[in-house]
Amino acid sequence: MDHPHEGHRQRVKKRFREQGLKNFEPHNVLELLLFYAIPRRDTNEIAHRLLEAFGTFSRVLDAPVEELTKVEGISENSALLLKLIPQLCQLYYEEKVHDQAEHTGSLVDYLGKKLVAKYIGEVHEISYLICLDNRLRVLYFGAISEGTGDSVSILTRKIVEVAIRCNATSVILAHNHPTGLALPSRKDKQTTIQLYNTLQGVSIRLLDHIIVARDEYISMAGGGMLSPSALEGFRSSAAFADGDYDPKELDELLNKLEEESRREQTQEETT
């Protein structure tokens, strides 16, 4: 026996096939999506409950599984389906950017778009490090820190360690502002100048610091914020004066890493 909502479901699916989502309201999109997790209930009502609980379509998808399952009608399977969507969008967009990229164009533009894709659905601050060789080929592209718990000096040490282990000649740092604008904060400027100075001491160049917010990004280098005069301005600002940078401790780390790098290189040459 067909369930009473089957006719309605077929009409919604037909509408999607013919028009896409352009004329769908947010609750209609959720209703359609939940068809595939809830086979025999009115998903329109459940969609409205989700929007009442979280406010917007994107906040529904960003909500933790534990919070989603508190909404009447949402099982763990339904919640996992909803959580899958941002991850699918991230993968889709990242591959599209890669497929369309022209490496003869701007490296920063390519990486900026790739990073926007990486941050789709992220509600926490994550720092990414991109290590490059002398031909600007990517040696490493990965998360280096998550959350805001790391101090500037700890983040700097992590970056320097990875860059040296990769034998990078230059690096690009990136992080997101989950709830803010794609503009550098005082801490961002502090991090940039400390990282620039530290990397310079081991002959590695900081090419850029990219900041992402929603679907936008800003290049600090492109905005002139890595020029000598701008860096000097950061260095003399009050924001830099209240940092927790310990030059002696970082010098000890750099010496250790350089010694490890030389030892590894010697081993490779003898094998």
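Below, each value reflects all heavy atoms present in this structure, side chains not excepted, and no hydrogens, waters or symmetry copies.
- Counting non-hydrogen atoms of neighbouring residues, nucleotides and ligands closer than 6.0 angstrom, the CZ atom of R49 exceeds 12 such neighbours.
- Residues V12 and I85 are members of one and the same hydrophobic cluster, defined by side-chain heavy-atom contacts under 4.5 angstrom among Ile, Leu, Val, Met, Phe, Trp and Tyr.
- K83 places a side-chain N or O within donor-acceptor distance of the main-chain N or O of A63, the cut-off being under 3.5 Å.
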### Message
Using salt bridge (charged side-chain N to carboxylate O under 4.0 Å, His left out), reason through R165 and E161 one step at a time and then give a plain yes or no.
### Response
CA-CA 6 Å; R165 291 192 189 281; E161 181 173 357; 3.2 Å; yes
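- When hydrophobic clusters are built by joining Ile, Leu, Val, Met, Phe, Trp and Tyr residues whose side-chain heavy atoms come closer than 4.5 Å, directly or via intermediates, L34 is grouped together with Y36.
- The shortest heavy-atom contact between I38 and S78 is CG1-OG, 3.4 Å.
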### Message
Walk me through whether L199 and V160 qualify under side-chain contact (heavy atoms from CB on, under 4.5 Å).
### Response
CA-CA 7 Å; L199 289 171; V160 171; 4.1 Å; yes
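- Both I211 and L181 sit in one connected hydrophobic cluster of ILVMFWY residues. Membership requires side-chain heavy atoms under 4.5 Å apart, directly or through other members.
- In this structure, K118 and F141 approach most closely via the heavy-atom pair CE-CE2, 3.9 Å.
- In this model, no donor atom of one side chain and acceptor atom of the other lie less than 3.5 Å apart for D188 and T191.
- Residues P26 and T56 have side chains not in contact (no heavy-atom distance under 4.5 Å, counting atoms from C-beta outward).
- R41 and E72 get closest at one heavy-atom pair: NH2-OE2, 4.4 Å.
- The shortest side-chain heavy-atom distance between D42 and I46 does not fall under the 4.5 Å cut-off.
- The shortest distance between side-chain heavy atoms of T192 and P184 does not fall below 4.5 Å.
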### Task
For H48 and E31, run side-chain contact (heavy atoms from CB on, under 4.5 Å): C-alpha distance rounded to whole Å, both residues' side-chain angles, the deciding distance at 0.1 Å, then the answer.
CA-CA 9 Å; H48 279 288; E31 176 189 12; over 6 Å; no
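- For E76, the CD atom counts as loosely surrounded, since its 6.0 Å shell holds 12 or fewer non-hydrogen atoms of other residues, nucleotides or ligands.
- Between the side chains of D109 and Y217, a donor-acceptor pair is found at a separation under 3.5 Å.
- In plain terms, the two heavy atoms of A182 and A213 that are nearest each other are N-CB, 3.4 Å.
- From R205, atom CZ reaches atom CD1 of I172 across 10.0 Å, with rounding to the nearest 0.5 Å.
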### Task
Apply side-chain contact (heavy atoms from CB on, under 4.5 Å) to R9 and T43, showing your working.
CA-CA 10 Å; R9 290 188 174 209; T43 58; 3.7 Å; yes
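- With a 4.5 Å cut-off on side-chain heavy atoms, L30 and L82 count as touching.
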### Task
Could you go through the side-chain contact (heavy atoms from CB on, under 4.5 Å) check for Q10 and K13 one step at a time?
CA-CA 5 Å; Q10 292 303 322; K13 290 176 183 178; 4.1 Å; yes
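- One finds the CZ atom of R214 at 11.5 Å from the CG atom of N176 (value rounded to the nearest 0.5 Å).
- Residues V60 and L50 share a closest heavy-atom pair of CG2-O, 3.7 Å.
- Between H8 and R11, the closest side-chain pair of non-hydrogen atoms falls below 4.5 Å.
- Residue L21 holds its CG atom at 9.0 Å from CZ of R15, rounded to the nearest 0.5 Å.
- The distance from atom OH of Y128 to atom CD1 of I159, rounded to the nearest 0.5 Å, is 14.0 Å.
- Atom CD of Q19 sits in a crowded spot, with more than 12 heavy atoms from other residues, nucleotides or ligands closer than 6.0 Å.
- Atoms CG and OG, on L81 and S75 in that order, are 9.5 Å from each other to the nearest 0.5 Å.
- Closest approach of P86 to I120, counting heavy atoms only: O-CG2, 3.7 Å.
- Hydrophobic clustering, with ILVMFWY side chains joined whenever heavy atoms are under 4.5 angstrom apart, groups F16 together with L84.
- Here the options are D208, L207, L173, V138, the test is side chain to side chain contact (heavy atoms under 4.5 Å, CB included), and the partner is I130; only V138 passes.
- Hydrophobic clustering (side-chain heavy atoms under 4.5 Å, transitive across Ile, Leu, Val, Met, Phe, Trp, Tyr) groups L68 together with F35.
- Taken from CG in L129 to SG in C166, the straight-line distance is 7.5 Å, to the nearest 0.5 Å.
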